[in-house]
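Before any comments, here is the structure.
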Amino acid sequence: WVEWLPLACHPEAHPNAHELEAKGFPDVKKEWDIAFVGFMQDPPKDTGCNNRTDYLDRLCREFPNSWISSNCFFEQMALRYCKARIGFNISIKRDLNMRVFEIMSTGTPLLTNRTVEGIDELFEENTDYLGYSDPCEMVARAREALQNPEWLAEIGESAMKKARSKHTYLDRMKVICEEMKHGSF
């Protein structure tokens, strides 16, 4: 018997704009269309994995007012996402990576590939995140969202509430402790 426990968010490490301002970060307002924070290495050839660099190149060509960072963590990472209208994810191996939960915790709307395994079990597309299937749809979904700021704000708020109420590391630990208490391990 096995239970799937995906990654999660840690609201103190992944604060939203108001929480960043309360921690002394000045002027946390939207500046960029899209932000990405993460590693940029390409996958080995012929592995069937997504090529993150190709997607990021296309994104930057189409949306030059974007911010791409690597080696940026905790509040500094959250600051990048809070200053963006959209937080971007491309899962190389279709895994439900930490970036999904980190972006959601900041209240920034997430744009991610639909092939992320398990995302549809936890979140609802167009309510909690924006999905795309290929680079052309990625660009179209980003354009559509950027032209609808109220909808974008609703998605960011819905995702943040859901991530913080159901998908924190404390929630994951509660499941582990409960399973241990019942001798499931």
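The figures here come from the full heavy-atom set of this structure, side chains too, leaving out hydrogens, waters and symmetry mates.
- Counting heavy atoms of neighbouring residues, nucleotides and ligands inside a 6.0 Å radius, atom NZ of K23 exceeds 12 of them.
- Heavy atoms of other residues, nucleotides or ligands lying less than 6.0 angstrom from CD of E137 number more than 12.
- With E21 contributing its side chain and H18 its backbone, the two residues share no donor-acceptor pair below 3.5 Å.
- The shortest distance between side-chain heavy atoms of Y81 and F88 does not fall below 4.5 Å.
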What donor-acceptor contacts under 3.5 angstrom involve side-chain atoms of residues 149-158, with partners at least two apart or in another chain?
residue	atom	partner	partner atom	Å
S158	OG	T127	O	3.4
S158	OG	D128	OD1	2.5

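- Here S66 pairs with nothing under the side chain to side chain donor-acceptor pair (under 3.5 Å) rule; sequence neighbours left out.
- With sequence neighbours excluded, the residues forming a side chain to side chain donor-acceptor pair (under 3.5 Å) with N126 are R141, listed by chain and number.
- Both F123 and Y169 belong to a common hydrophobic cluster when Ile, Leu, Val, Met, Phe, Trp and Tyr are linked at side-chain heavy-atom distances under 4.5 angstrom.
- Atoms CE and NE2, from M180 and H182 in turn, are 13.0 Å apart once rounded to the nearest 0.5 Å.
- Under the 3.5 Å distance criterion, with hydrogens and angles disregarded, no donor-acceptor pair is assigned to the side chains of T115 and R94.
- With hydrogens and angles ignored, the 3.5 Å screen pairs a side-chain donor or acceptor of R164 with a backbone N or O of S105.
- Two residues are said to be in side-chain contact when any heavy atoms from C-beta on lie closer than 4.5 Å; V139 and F63 meet this criterion.
- Under the 30°/60° scheme for interplanar angles, the aromatic rings of W32 and W67 are found to lie parallel.
- Grouped by direct or indirect side-chain proximity (heavy atoms under 4.5 Å, Ile/Leu/Val/Met/Phe/Trp/Tyr only), F25 sits with L20, V28, L79.
- Applying the side chain to side chain donor-acceptor pair (under 3.5 Å) test to D95 and every residue at least two apart in sequence or in another chain returns S91.
- Both I103 and M77 belong to a common hydrophobic cluster when Ile, Leu, Val, Met, Phe, Trp and Tyr are linked at side-chain heavy-atom distances under 4.5 angstrom.
- Note that the CG atom of L111 and the CG atom of L130 stand 6.0 Å from one another [nearest 0.5 Å].
- A donor and an acceptor atom, one from each side chain of R80 and Q76, are located under 3.5 Å apart.
- Using a 4.5 Å heavy-atom threshold, the side chains of R172 and T168 count as separate.
- Summarising the hydrophobic clusters (Ile, Leu, Val, Met, Phe, Trp, Tyr; side-chain heavy atoms under 4.5 Å, direct or chained), the residues clustered with F39 are none.
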